[in-house]
Amino acid sequence: MGIFNKKRKEVNPEFATIPSHIAIIMDGNGRWAKKRGLPRTLGHKAGVEAIRGIVKECSKIGIKYLTLYAFSTENWKRPQDEVNGLMKLLVQYLKGEFEELNKNNVVINYIGNITEFPKICQEELIKAKNLTKNNTGLTLNLALNYGGRDEVLFSFKNILKDYEKGKFTLEELNEDMISNNLYTKGIPDPELMIRTSGEERLSNFLIWQLAFSEFYFTDVLWPDFNKDDLYLALKTFEGRDRRFGGVK
């Protein structure tokens, strides 16, 4: 069952345990704008401001990995002007935030098939990844042109190439092989998945990696999601009993 945060309140930012990896479905930018009589593009801009705050807080409290669902394989269905606006925002974010993120030891990474993005987006992403790869702080994973089913298919295609070369038998095929051929190779699975705006579904996000994650759903729209909302999610996670099928 998801937990809905109906009232905003300050939460003590002290935790007995925190997840090493948080994944977030940043939902509600369009509805945030609509409630204010604004174009959707301004909702996405407000969403970027929320990203800035949450990245800062995650880095501050010691989260090792933060994966943000920024652009899905299904988002291409949106109006072209909105898609174009999202691409411009991505470039602006990378250019505008790079110095601050790098100064704070953040690793910038991306998962998904970015080859379908405009060249300038690809260049900025690759540049940011290369220039921060030796940092040792928070790893910020931007899920871009990402789909969970597409990723699993990507993994199996890579595995089949090795199978055709005789590198393993069918009997030797295991879960580790699948995990090691995903976009998230080398990254631990998220312990906590947060989705904003009141929706309670994965929407094709990290469908392999979230198998044993704790889910936290809030009706707060993403542009309004702040550190207190993050802390409330972490407090809820702290109270979960993670048995992984066993008995304690």
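Quick caveat: nothing in here was measured; it's all calculated off a predicted structure.
Enclosure of atom CZ in R149 is not indicated, since only 12 or fewer non-hydrogen atoms of other residues, nucleotides or ligands lie within 6.0 angstrom. The local environment of CD in E175 is sparse, with at most 12 non-hydrogen atoms from other residues, nucleotides or ligands closer than 6.0 Å.
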task: Could you give me the CA-CA distance, side-chain angles and deciding distance for W208 and S179, then say whether side-chain contact (heavy atoms from CB on, under 4.5 Å) is met?
output: CA-CA 8 Å; W208 177 271; S179 294; 3.0 Å; yes

task: Show your reasoning for whether side-chain contact (heavy atoms from CB on, under 4.5 Å) applies to L221 and K35.
output: CA-CA 11 Å; L221 301 176; K35 284 176 63 176; 3.9 Å; yes

message: Please determine whether salt bridge (charged side-chain N to carboxylate O under 4.0 Å, His left out) holds for the pair E164 and K161, giving the CA-CA distance in whole Å, both sets of side-chain angles, and the decisive distance to 0.1 Å.
response: CA-CA 5 Å; E164 290 173 348; K161 289 176 183 177; over 6 Å; no

task: Evaluate side-chain contact (heavy atoms from CB on, under 4.5 Å) for L90 paired with F117, printing each intermediate quantity in order.
output: CA-CA 11 Å; L90 172 61; F117 275 17; 3.9 Å; yes

message: Run the side-chain contact (heavy atoms from CB on, under 4.5 Å) test on T41 and L89 for me, step by step, so that the C-alpha distance in whole Å, both residues' side-chain angles and the decisive distance to 0.1 Å come before the verdict.
response: CA-CA 9 Å; T41 52; L89 272 176; over 6 Å; no

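Y216 is not listed as a side-chain neighbour of D229, based on a closest heavy-atom distance of 4.5 Å or more. By the 4.5 Å heavy-atom criterion applied to side chains, F154 and Y183 are counted as neighbours. By the 4.5 Å heavy-atom criterion applied to side chains, L131 and F98 are counted as neighbours. Side-chain contact between M87 and F71 is present, with heavy atoms from C-beta onward closer than 4.5 Å. Put simply, the side chain of I111 reaches to within 4.5 Å of the side chain of L206, judged on heavy atoms. You'll find the side chain of K227 stays beyond 4.5 Å of the side chain of K56, heavy atoms only. Here the side chains of L230 and I194 are in contact, with some heavy-atom distance below 4.5 Å. Between E151 and T184, the closest side-chain pair of non-hydrogen atoms falls below 4.5 Å.
Residues M26 and V83 share a hydrophobic cluster, clusters being chains of Ile/Leu/Val/Met/Phe/Trp/Tyr side chains in contact below 4.5 Å. Connection of L42 to V48 is not established within any shared hydrophobic cluster, with ILVMFWY side chains joined at heavy-atom distances below 4.5 Å, either directly or through further cluster members. Residues V107 and Y110 fall into different hydrophobic clusters, defined by Ile, Leu, Val, Met, Phe, Trp and Tyr side chains chained together at heavy-atom separations under 4.5 Å. Linking Ile, Leu, Val, Met, Phe, Trp and Tyr residues whenever their side-chain heavy atoms come within less than 4.5 Å leaves Y146 and I187 in two separate clusters. Under the 4.5 Å side-chain heavy-atom criterion for Ile, Leu, Val, Met, Phe, Trp and Tyr, L101 and V91 are members of distinct hydrophobic clusters.
Taking NZ from K88 and CD1 from I120, the interatomic distance works out to 10.5 Å, rounded to the nearest 0.5 Å. Atom CD1 in I24 sits 12.0 Å away from atom CG in N141 (nearest 0.5 Å). L192 CG to T236 OG1: the interatomic distance, rounded to the nearest 0.5 Å, is 8.5 Å. In this structure, SG in C121 is found 11.0 Å from CD1 in I126, a value given to the nearest 0.5 Å. Residue I51 holds its CD1 atom at 7.5 Å from CG of L142, rounded to the nearest 0.5 Å. Between the CD atom in E97 and the CD1 atom in I108 there is a gap of 9.0 Å [rounded to 0.5 Å].
Of the possible donor and acceptor atoms, one in the side chain of N174 sits under 3.5 Å from a partner among the backbone N and O of D176. For R195 (side chain) and R201 (main-chain N/O), a donor-acceptor pair under 3.5 Å exists by modelled atom type. The main-chain N or O of N135 is never found under 3.5 Å from a side-chain atom of N105 such that the two would form a donor-acceptor pair. Side chain of S20 to backbone of K64: no donor-acceptor contact under 3.5 angstrom is found. Of the possible donor and acceptor atoms, none in the side chain of D162 sits under 3.5 Å from a partner among the backbone N and O of I159. The backbone N or O of S72 sits less than 3.5 Å from a side-chain atom of N75, completing a donor-acceptor pair. A donor-acceptor distance shorter than 3.5 angstrom exists from the side chain of E172 to the backbone of T169, with no hydrogens or angles considered.
Classification of the Y65-H21 ring pair by plane angle, with boundaries at 30° and 60°, yields tilted. Taking the six-membered ring for Trp and thresholds of 30 and 60 degrees, F168 and Y163 have ring planes inclined between 30 and 60 degrees apart.
P19 pairs with exactly one of E214, M193, E191, E238 by the side chain to side chain contact (heavy atoms under 4.5 Å, CB included) rule, that one being E191. The only member of D224, D27, T196 that meets side chain to side chain donor-acceptor pair (under 3.5 Å) when paired with W32 is D224. The side chain to side chain contact (heavy atoms under 4.5 Å, CB included) test with L140 is passed by exactly one of T67, T132, L68: L68.
Taking all atoms of both residues into account, the shortest heavy-atom contact from V106 to S59 is CG2-OG, 4.5 Å. Scanning both residues, I207 and G148, for their nearest heavy atoms gives CD1-C, 3.6 Å. Nearest heavy-atom pair, P223 versus G43, reported as atom, atom and distance to 0.1 Å: CG-O, 3.9 Å. The two residues Y69 and L202 have their closest heavy-atom pair at CE2-O, 4.3 Å.
Classification of R52 and E49 as a salt-bridged pair holds, one side-chain N sitting under 4.0 Å from a carboxylate O.
For the residue pair W76/N145, the side-chain donor-acceptor check at 3.5 Å is satisfied.
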